[in-house]
Amino acid sequence: MKLKELREQVCEANLELDRRKIVVHTWGNVSGIDREKGYIVIKPSGVSYDKLTPDKLVVVNLADGKVIEGDLNPSTDTKTHLVLYRAFPTIGGVTHTHSAYAVAWAQARKEIPCFGTTHADYCHGAVPLTQPLTAEEVAADYEGNTGEAIVRRLGNENPLAKPMVLVAGHGPFTWGKNAPDSVLNAVFLEEIARIATTTVMLAPNAGPVEEYVSEYHYQRKHGPGAWYGQKKG
Ligand SMILES: O=C(CO)[C@@H](O)[C@H](O)COP(=O)(O)O
């Protein structure tokens, strides 16, 4: 993909956060990657969505995090995005928001169990919660260590089958095959969190849906064995 096209795709993905009302003010950020050219394109820091244009996005080197092109500072969360791209070679886009219901679960330090098929269609199993960072990790490199905590928490899971995480005390990060896909997963996560909040209010002891139901729904949508990284087939 040409840089101009990637800029346009990532800009549109950022604006979609605002259109879908899952961000307030300038909170949140979306990036996309060109793995052949070895760079990401990410939202500039602190720029309101109504002023965001493709030329304002910042191009950052995947390997060393240095700005390749752009007059503005890249998002404060850029290092977290970079850690995820390096650890998950199959992803093409990353989204971070402070969407209210997902942040509430992250602040409550609770992962979101797969209570039903709506969740199962988009995330294999529970939406995971990271371990809190240590004081040393925060002081040394908060954003980079936030990314490392996410990677540790995903373990051997196929990231495209579990494309969402709650960072303890902070909020959601999602990813996908490209920037628009990562935004869709952010929208799905906020809705999953909203429904789960009502579920536990109605039934405080609610448990996850049966594994065979969850697996059926995920496979129906993504193909047999998709969460183990196998191709649809
Ligand atoms: O998580 C945070 C701050 O805690 C960020 O999402 C900011 O809310 C947006 O920062 P920029 O992308 O504008 O630098």
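Read the numbers this way: they start at 1 and go in the same order the structure lists the ligands and their atoms.
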*With sequence neighbours left out, write down each residue that passes salt bridge (Lys or Arg N to Asp or Glu O under 4.0 Å) with Lys177, or none if nothing qualifies.*
Asp181

*Given side chains that start at C-beta, do those of Tyr85 and Val94 come closer than 4.5 Å, heavy atoms only?*
yes

Using atom types as modelled, flag every donor-acceptor pair under 3.5 Å from a side chain in residues 67-74 to any protein atom, sequence neighbours excluded.
from, atom 1, to, atom 2, distance (Å)
Glu69, OE2, Arg7, NH2, 2.6

*Any chance the rings of His217 and His119 have centres within less than 6.0 Å?*
no

*Heavy-atom cut-off of under 4.0 Å around ligand 1: list whichever protein residues fall inside it, by chain and number.*
Thr26, Trp27, Gly28, Asn29, Lys43, Ser45, Gly46, Ser75, Thr76, Asp77, His96, His98, His170

*Pick one: which of Asn61, Leu62, Val59 meets side-chain contact (heavy atoms from CB on, under 4.5 Å) with Tyr39?*
Val59

*What residues form a side-chain contact (heavy atoms from CB on, under 4.5 Å) with Thr118, not counting sequence neighbours?*
Ile195

